[in-house]
Amino acid sequence: VSLVKYLTFWNYQTCRPPQKAILNDRSFWTGVLRTFYAGDDSITFDEFITGVQSAFINISNTLGAMRSAFEFTSNTAKLFFNTFTGAVKGFAAGILNVLATITYGWQKIFEVTGLETLEKKFAATTN
C-alpha cells in the first residue's frame, strides 16, 4: 500500500483512519519512507531501521568519547589545583618553620643574656 493509496483510502472511501492491518503492513511504511526520505525510491523499511540504529551507535560512540575527554580535562584540572594547594601548604609550613626557628633563636639569646621576661614571652610563643 503506497502513501497515495493510504491517503486516497482515508479521504475518499471512509473518511476515517485506516485499519490496523494497513498500519501494520511493512510495505505501507516502506512507501511512506520512499515518499518522505530524501526522495530515494530504493530505501526499504529494514534499511531505514538499520540506518537509524547506525546513527544511534555513532551518537553513542561520540558521546562516550566526549565523556572521556571531559573526564580527562576535569582530572587534569583537579591535578593542577591539588598540586597548587599542596605547594601553598608546603610554602606556608616552610615560612612558619623559619619564623619558629627565628623566635626560638631570640628566646635562646634572651636566656643567655638573662632577660627572663622576654625569654618567657618567646618561650610561650614557640611552645
Side-chain angles (χ1 to χ4, degrees):
V1 177
S2 70
L3 181 63
V4 174
K5 288 181 183 177
Y6 172 75
L7 293 176
T8 303
F9 173 77
W10 177 285
N11 288 329
Y12 299 115
Q13 289 184 1
T14 62
C15 294
R16 60 185 175 151
Q19 303 298 318
K20 266 189 171 178
I22 292 176
L23 293 178
N24 291 333
D25 185 11
R26 198 171 270 248
S27 65
F28 165 74
W29 291 111
T30 302
V32 170
L33 291 174
R34 285 184 181 151
T35 303
F36 292 110
Y37 191 80
D40 187 5
D41 288 339
S42 63
I43 189 168
T44 65
F45 185 72
D46 292 330
E47 290 171 344
F48 177 75
I49 295 299
T50 303
V52 169
Q53 289 173 339
S54 173
F56 278 117
I57 290 171
N58 289 339
I59 289 170
S60 177
N61 291 339
T62 302
L63 291 176
M66 288 175 60
R67 180 176 162 256
S68 297
F70 285 130
E71 282 181 357
F72 176 75
T73 304
S74 67
N75 288 339
T76 302
K78 286 178 190 176
L79 176 67
F80 170 76
F81 284 111
N82 288 341
T83 304
F84 180 74
T85 303
V88 169
K89 288 180 180 178
F91 185 68
I95 288 178
L96 290 175
N97 186 23
V98 169
L99 292 175
T101 304
I102 291 170
T103 304
Y104 182 74
W106 279 104
Q107 174 195 351
K108 290 299 177 185
I109 290 172
F110 293 138
E111 181 183 345
V112 171
T113 58
L115 300 170
E116 293 177 12
T117 307
L118 290 174
E119 178 198 347
K120 288 179 184 178
K121 287 182 181 179
F122 275 81
T125 304
T126 56
N127 289 337

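- Hydrophobic cluster membership differs between Met66 and Phe72, with clusters built from Ile, Leu, Val, Met, Phe, Trp and Tyr side chains linked at under 4.5 angstrom.
- Put simply, Phe56 and Ile49 are part of the same group of oily side chains (I, L, V, M, F, W, Y) that touch within less than 4.5 Å, one to the next.
- Side-chain heavy atoms closer than 4.5 Å link hydrophobic residues (I, L, V, M, F, W, Y) into clusters, and following such links, possibly through other members, connects Leu99 to Phe91.
- Residue Thr113 holds its OG1 atom at 6.5 Å from CZ of Phe110, rounded to the nearest 0.5 Å.
- Rounding to the nearest 0.5 Å gives a distance of 11.5 Å between OG1 of Thr62 and CD1 of Ile57.
- In this structure, the separation between CD on Glu111 and CD on Glu119 is 4.5 Å, given to the nearest 0.5 Å.
- Taking hydrophobic clusters as Ile, Leu, Val, Met, Phe, Trp and Tyr residues chained together by side-chain heavy-atom distances below 4.5 Å, Phe70 does not share a cluster with Phe81.
- Looking at Asn82, its side chain does come within 3.5 Å of a backbone N or O of Lys78 through a donor-acceptor pair.
- Here Trp106 contributes atom CH2 and Leu115 contributes atom CG; the two are 10.5 Å apart, rounded to the nearest 0.5 Å.
- Between the OG atom in Ser74 and the CG atom in Leu79 there is a gap of 11.5 Å [rounded to 0.5 Å].
- Under the 3.5 Å distance criterion, the side-chain polar atoms of Thr101 are matched with a main-chain donor or acceptor of Asn97.
- At a threshold of 4.5 Å between side-chain heavy atoms, the hydrophobic network of Ile, Leu, Val, Met, Phe, Trp and Tyr places Ile109 and Val98 in one connected group.
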